Amino acid sequence: MKAFRALSVCVFLSMYAVNVIAANNYVPISLPHGVRMELPRNWEVFSLNLRIMLDSSVQAKTESIGMFDASSDLNFAANFYDDSGKTAALVNVRYYPNMARVQPIAAYPPPCGSGAS
């Protein structure tokens, strides 16, 4: 009987631990302009220095073809690296304050199950 209780307690605690670990797999990120998102904890967020280098590279390339937008601002960038160290996924958040929004549905998607696409 004692073994059954001990096993029951261990099973309960292990289920609780899994829920706690799963709940903490994502990190909330708050950005300017009210943007909020969550990323998995194992993603690497770019430092300010790396974002400046990336932004400078984009500026150099887009200026050369006449498409540079000086009003844009790279506020956030992060990568997910696979086991071999290669970038498997990335996320960038860039603001274009002077750009008119031409796809309102993209900014405000319909609620799930509404039938709109």
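This structure is a prediction, so every number in the text was calculated from the model and none was measured.
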Cut-off 3.5 Å, no hydrogens considered: what does the side-chain donor-acceptor table look like for residues 79-93, sequence neighbours left out?
residue: N79; atom: ND2; partner: Y81; partner atom: OH; Å: 3.3
residue: N79; atom: ND2; partner: T87; partner atom: OG1; Å: 3.4
residue: D82; atom: OD1; partner: S84; partner atom: N; Å: 3.0
residue: D82; atom: OD1; partner: S84; partner atom: OG; Å: 2.8
residue: D82; atom: OD1; partner: G85; partner atom: N; Å: 3.1
residue: D82; atom: OD1; partner: K86; partner atom: N; Å: 2.9

Just list the side-chain donor-acceptor pairs under 3.5 Å for residues 33-43, sequence neighbours left out, or say none.
residue: R41; atom: NE; partner: N24; partner atom: O; Å: 2.7
residue: R41; atom: NH2; partner: N24; partner atom: O; Å: 2.9

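Both L54 and L50 are assigned to one and the same hydrophobic cluster, defined by single-linkage of ILVMFWY side chains at heavy-atom distances under 4.5 Å.
For L48, the side chain to side chain contact (heavy atoms under 4.5 Å, CB included) partners at least two apart in sequence or on another chain are R51, I52.
Tested against V58 for a side-chain contact (heavy atoms from CB on, under 4.5 Å), the candidates E63, M53, R94 yield a single pass: R94.
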